[in-house]
Amino acid sequence: MSNLLQLETGSAMQISSLTFPKDRTGRQAGDDSLLILPGICGVFDGASSGATGPGMSPGQAASRAAASVLGEFAATRTMTDIPAGEIFSAVRERISQTERLLGNTFRASTTMAAAFFGVDKIRLLVVGDSGIRINGDQVYRRLKHIDDLSTTARIEVFNMLNHKERSTDEVEAQTRRISFQGLDYGVREGLLTEDDAIQICSLVTNRYTEIVAPQQAEAFLRTGIRCQYMYANRSDHPLGYSSLNCDPILMDDVIDVSKPAEDIETLEFFTDGYFDIPGEVSVSAWEKAFDACETVDFHKTKSFPSIKGSTSREFADDRSVIVVRNS
């Protein structure tokens, strides 16, 4: 999608965007949400905690709730001056309301990478690993240590199972279940041995010993990503990270910066379904970079390690990008 928006500065900007779910057919909606309105643009990547069945996933609910709050704020307020805490409080309340309405039993959460366009400045507000790139150069995003642990363990699990199964789709499916449910689940289901689990825990804890204590790392790996919400917005844990959910946000790794509008020629907003950042500034460049990643590292275990890999039916993750250019 490409269009022109007239901002409150009086100038027009060329805006292009694309969002695509991990479902290769595009029929099943993903957890990403985009917001494009006069005075504001942003991407939101919801986190689904494994809820299945009909209806909206927790990730969809959270990302859409956050986007709707910012849209409502932008309609009546000057977003370049509103305290971040006020914005996050409103998002938290909306996500809580959405959870209650949907009756979700899993904690909903989302990232956010948004820009607010003022008369003479542009404010960037980023929570989590969705990002913003300015002028094709400077990137604003926060990566999480807890994802590093999950990715390292997931690659070890994938490589172990890949020697036992012919179908890499089945290997990926089993790996995802173990990543989500934890190493203990893999042992109980007979997919891994206890020695395998010990070996994986040892490798991960040794690699990240300067970040998190071995017993804390192993506790997370044993229980899996289904328990990751327990580390969100925790200042008392080395794996803690900021997230937009039903709790007060951690804030210490939130990015909130303002730039002179005259210094910004382009802005790109992207979710982590893009595993590499292109050299050029365009939606097509982001897609070319994505295609290259799929070709070079389809399973996301080598050049572009990730928490999940691609299969014949699914990409590794949803992906979304917005490109804003001064016209």
Side-chain angles (χ1 to χ4, degrees), residues 20-32 45-55 57-60 105-106 129 146-204 207 217-218 220-229 271-276 287 290-319:
F20 205 90
K22 55 180 173 285
D23 174 27
R24 290 182 182 272
T25 68
R27 295 169 186 161
Q28 184 172 340
D31 292 334
D32 288 0
D45 180 4
S48 286
S49 300
T52 58
S57 73
Q60 290 173 337
T105 58
F106 296 90
D129 56 10
I146 199 166
D147 287 346
D148 294 333
L149 270 67
S150 294
T151 297
T152 302
R154 176 251 164 190
I155 292 171
E156 291 302 307
V157 170
F158 182 91
N159 289 336
M160 285 181 176
L161 298 182
N162 202 26
H163 292 297
K164 303 175 183 179
E165 300 285 345
R166 288 186 177 180
S167 167
T168 53
D169 274 9
E170 180 59 23
V171 171
E172 177 62 31
Q174 292 176 342
T175 302
R176 289 186 185 189
R177 288 198 296 272
I178 294 172
S179 293
F180 180 72
Q181 298 286 354
L183 294 176
D184 285 348
Y185 164 86
V187 174
R188 288 196 306 272
E189 295 297 310
L191 300 171
L192 299 174
T193 67
E194 177 59 25
D195 286 343
D196 290 335
I198 292 172
Q199 178 182 330
I200 293 169
C201 287
S202 177
L203 184 147
V204 175
R207 181 170 299 181
E218 181 167 353
F220 169 64
L221 297 175
R222 292 278 183 176
T223 54
I225 295 172
R226 65 186 174 87
C227 294
Q228 183 167 316
Y229 73 89
T271 60
D272 65 347
Y274 287 101
F275 302 99
D276 196 16
E287 282 296 285
F290 175 81
D291 291 340
C293 292
E294 288 290 282
T295 300
V296 171
D297 190 9
F298 186 78
H299 300 298
K300 309 301 180 295
T301 59
K302 297 176 182 177
S303 300
F304 302 101
S306 179
I307 294 174
K308 290 187 283 188
S310 295
T311 70
S312 62
R313 294 184 177 183
E314 289 187 339
F315 299 111
D317 203 351
D318 311 319
R319 66 187 189 274

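Computed from heavy atoms alone, side chains included, the values below leave out hydrogens, waters and symmetry copies.
For Arg188 and Glu194, the salt-bridge test fails: no basic side-chain N is under 4.0 Å from an acidic carboxylate O. With respect to the salt-bridge test (charged N to carboxylate O, under 4.0 angstrom), the residues Lys308 and Glu172 do not qualify. The pair Glu314-Arg176 counts as a salt bridge, with a side-chain nitrogen and a carboxylate oxygen less than 4.0 angstrom apart. Using a 4.0 Å cut-off between charged nitrogen and carboxylate oxygen, Asp184 and Arg222 count as a salt-bridge pair.
Residues Ser150 and Ile225 approach most closely at OG-CG1, 3.8 Å, considering heavy atoms. When all heavy atoms of Leu183 and Ala197 are compared, the closest pair comes out as CD1-O, 4.0 Å. Across all non-hydrogen atoms, the minimal contact from Pro305 to Ile155 is CB-CD1, 3.6 Å. What you find for Gly26 and Pro21 is that their closest heavy atoms are CA-CG, 3.8 Å. The shortest non-hydrogen separation linking Ser57 to Asp31 is OG-OD1, 2.6 Å. Shown here for Thr168 and Asn162, the closest heavy-atom pair between the two residues is CG2-OD1, 3.9 Å.
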For this session: Test side-chain contact (heavy atoms from CB on, under 4.5 Å) on Lys300 and Ile307 and set out the steps.
Result: CA-CA 8 Å; Lys300 309 301 180 295; Ile307 294 174; over 6 Å; no
For this session: Kindly indicate, with the supporting measurements, whether the criterion side-chain contact (heavy atoms from CB on, under 4.5 Å) is fulfilled by Glu294 and Ser310.
Result: CA-CA 8 Å; Glu294 288 290 282; Ser310 295; 2.9 Å; yes
Exercise. Between Leu161 and Leu192, is a side-chain contact (heavy atoms from CB on, under 4.5 Å) present by the stated rule, with each step listed?
Worked result: CA-CA 8 Å; Leu161 298 182; Leu192 299 174; 4.3 Å; yes
Exercise. Under the side-chain contact (heavy atoms from CB on, under 4.5 Å) criterion, do Asp318 and Phe20 qualify, and how do the steps go?
Worked result: CA-CA 6 Å; Asp318 311 319; Phe20 205 90; over 6 Å; no
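Rounding to the nearest 0.5 Å gives a distance of 10.5 Å between CZ of Phe315 and CZ of Phe275. Separation of atoms CD (Glu218) and CG (Leu149) is listed at 11.5 Å; rounding is to 0.5 Å. Glu287 CD to Tyr274 OH: the interatomic distance, rounded to the nearest 0.5 Å, is 4.0 Å. Taking CD1 of Ile178 as the reference point, atom CD1 of Ile200 lies at 7.5 Å (rounded to 0.5 Å). A distance of 7.0 Å separates OG1 in Thr193 from CE in Met160, rounded to the nearest 0.5 Å. In this structure, OG1 on Thr175 lies 10.0 Å from NE2 on His299, to the nearest 0.5 angstrom.
Looking only at distances, a side-chain donor or acceptor of Arg226 sits under 3.5 Å from a matching main-chain atom of Gln181. Within the 3.5 Å criterion, the main-chain N or O of Asp32 finds no donor-acceptor partner in the side chain of Asp45. Judged purely by atom type and a 3.5 angstrom limit, Asp297 uses its side chain to pair as donor or acceptor with the backbone of Ser303. Of the possible polar contacts, one joining the Thr223 side chain to the Phe220 backbone as a donor-acceptor pair under 3.5 Å is found. A distance-only check finds no donor-acceptor pair linking the side chain of Arg319 to the backbone of Phe290 [under 3.5 Å]. With Gln60 contributing its side chain and Gly46 its backbone, the two residues share no donor-acceptor pair below 3.5 Å. Remark: the backbone N or O of Asp291 is paired with a side-chain donor or acceptor of Thr295 at under 3.5 angstrom.
Surrounding CZ of Arg24 are more than 12 heavy atoms belonging to other residues, nucleotides or ligands, all under 6.0 Å away.
Side chain to side chain, Ser167 and Asp169 fail the donor-acceptor criterion of an N or O pair below 3.5 Å. If you check the side chains of Ser306 and Asp317, you find no donor sitting under 3.5 Å from an acceptor.
Annotation: side chain of Asp23 is not in contact with side chain of Arg313 (no heavy-atom distance under 4.5 Å). Here the side chains of Arg207 and Leu203 are in contact, with some heavy-atom distance below 4.5 Å. Side-chain contact between Gln228 and Asp147: present, with at least one pair of heavy atoms (C-beta onward) separated by less than 4.5 Å.
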